[in-house]
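A short worksheet on the structure shown next.
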2 protein chains.
Amino acid sequence: MYSKGVNAEERLIESTRALLWERGYVGTSPKAIQQRAGAGQGSMYHHFAGKHDLALTAIRRTAEELRAAAEARLSVPGTALGRVTAYLRRERDVLKGCPVGRLTQDPDVMADPALRAPVEETLAWLRARLAQVLEEGRAAGELDSRLDPPATAATIVAVLQGGYVLARASGTADPFDQAISGVLALLTLHAAEAARHRA
Amino acid sequence: MYSKGVNAEERLIESTRALLWERGYVGTSPKAIQQRAGAGQGSMYHHFAGKHDLALTAIRRTAEELRAAAEARLSVPGTALGRVTAYLRRERDVLKGCPVGRLTQDPDVMADPALRAPVEETLAWLRARLAQVLEEGRAAGELDSRLDPPATAATIVAVLQGGYVLARASGTADPFDQAISGVLALLTLHAAEAARHRA
DNA sequence: GTCTATAATTTGATAGAC
DNA sequence: GTCTATCAAATTATAGAC
């Protein structure tokens with residue numbers, strides 16, 4: 001139940017965002033959305049055409065937030081490895097998983113072009129943005145020149161998404177932290193190799 | 001619709017396995033299971049106590065199959081990196097995702113101890129098995145001694161699980177292949193480092 | 001804007017005939 | 001074993017009062 005300090009439309013969007021994160025599109029009913037928002041059916045169907053329309057609004061907002069949060073960590077000054085580390089080590093609700101990546105497992109979301117687009121675009125953007133950071137690190141001689149930025153970026157995002165899966169399976173954040181530590185260790189050796197070549 | 005060559009019980013299990021993979025537990029109805037299996041309600045409720053019981057049988061079988069498929073690639077003779085590569089590069093239905101990892105996103109599966117157990121055990125086993133292979137590689141001097149087997153194993157399984165997420169988001173197997181290539185490239189440099197230290 | 005009917009469909013299961 | 005009723009509850013809306 002969200003604060004009545006904001007209007008019903010806003011509460012309905014936030015309620016939907018939370019439920020999509022917890023239960024996905026298929027597992028979320030209009031009734032559950034309304035109850036969590038403290039709004040009736042009439043209110044929901046006044047502001048939105050239905051479950052689909054509401055979910056679209058919610059997904060777009062979630063995707064935008066994720067992108068902004070990532071950009072905030074990746075656009076600061078510092079080494080490429082430092083920025084990637086800051087992004088990977090940022091505080092996360094590990095056991096809840098990624099609110100965007102989660103939607104890729106939802107058949108009704110993936111089957112609908114409108115609902116799917118924000119998911120596809122967000123993860124594509126994230127891979128491209130990380131590849132850019134890695135390329136900067138390579139250009140600066142900080143990372144080994146043999147490192148392939150797009151492939152390594154895909155690996156990093158995959159470790160993140162897969163780390164969530166392992167954490168949820170185990171019921172603890174442990175495997176997530178291990179997976180992140182593991183890939184950062186591999187990247188660090190790459191950086192050390194680059195330093196050795198420069199020497 | 002499965003071959004009528006096998007009995008209804010078997011067809012119901014396979015139908016459930018396919019639907020859990022495609023739509024998850026929440027997104028799969030008994031009606032859909034019956035239609036795909038070519039069986040009526042009476043048949044389903046004769047062989048199984050209900051959706052939950054049928055799903056439990058299906059999940060256990062899927063988990064066992066995944067484990068056997070992994071063990072087949074990891075237990076052959078060869079270098080650690082070679083066996084890990086064989087496992088990662090094995091043929092996969094990339095766009096369908098992992099039939100076990102997928103279940104971690106299902107709220108009703110994770111909330112039920114019986115349904116969740118096979119998921120938890122399978123992914124824990126996979127991490128431990130990969131850690132064992134990496135440890136063997138380290139002991140043989142094939143991999144860099146600074147490499148942490150459990151963390152690296154978590155990274156490898158995460159890349160796999162996350163690779164599926166990225167592939168589904170993009171609609172192509174491309175990011176999956178990139179993520180696998182990226183992590184293998186990082187591991188290969190580790191192997192090269194180990195060789196340099198031995199020299 | 002928000003509420004309370006009302007309703008067609010689907011869900012998940014039971015009962016009992018064959 | 002398999003089938004066809006039957007059923008209570010949930011789902012996803014629409015209609016119309018306030």
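Below, chain A is the first sequence line, B the second, and so on; all start at residue 1.
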Problem - N/O donor-acceptor pair under 3.5 Å between T57(B) side chain and D53(B) backbone - result: yes

Handout entry: Whether T122(B) side chain and P118(B) backbone form a donor-acceptor pair below 3.5 Å
Key = yes

Rounded distance in Å - [atom1] ([X]) to [atom2] ([N]):
X: E10(B); N: dG1(D); atom1: CD; atom2: P; result: 15 Å
X: Y45(B); N: dT11(C); atom1: OH; atom2: P; result: 11 Å
X: D108(A); N: dT11(D); atom1: CG; atom2: C1'; result: 13 Å
X: L19(B); N: dG12(C); atom1: CG; atom2: P; result: 12 Å
X: L12(B); N: dG1(D); atom1: CG; atom2: P; result: 13 Å
X: I33(A); N: dA10(D); atom1: CD1; atom2: P; result: 17 Å
X: Q41(A); N: dT2(C); atom1: CD; atom2: P; result: 14 Å
X: Q35(A); N: dC3(C); atom1: CD; atom2: P; result: 13 Å

Problem - Phosphate OP1/OP2 of dT10(C): any S29(B) side-chain N/O under 4.0 Å - result: no

Exercise for the section: Return no unless some side-chain N or O of H47(B) is found under 4.0 Å from OP1 or OP2 of dT2(D). Expected result: yes

Handout entry: Residue K51(A), side-chain atoms from C-beta onward, closest of dA13(C), dA13(D), dT2(C)
Key = dA13(D)

Handout entry: pair L187(A)-T152(A): side-chain heavy atoms closer than 4.5 Å
Key = yes

Practice task
Say whether R92(A) and Y164(A), considering side chains only, have a donor N or O and an acceptor N or O under 3.5 Å apart.
Solution key: yes

Practice task
Have a look at G40(A) and say if it touches a base, only the backbone sugar-phosphate, or nothing, with a 4.0 Å heavy-atom cut-off.
Solution key: sugar-phosphate

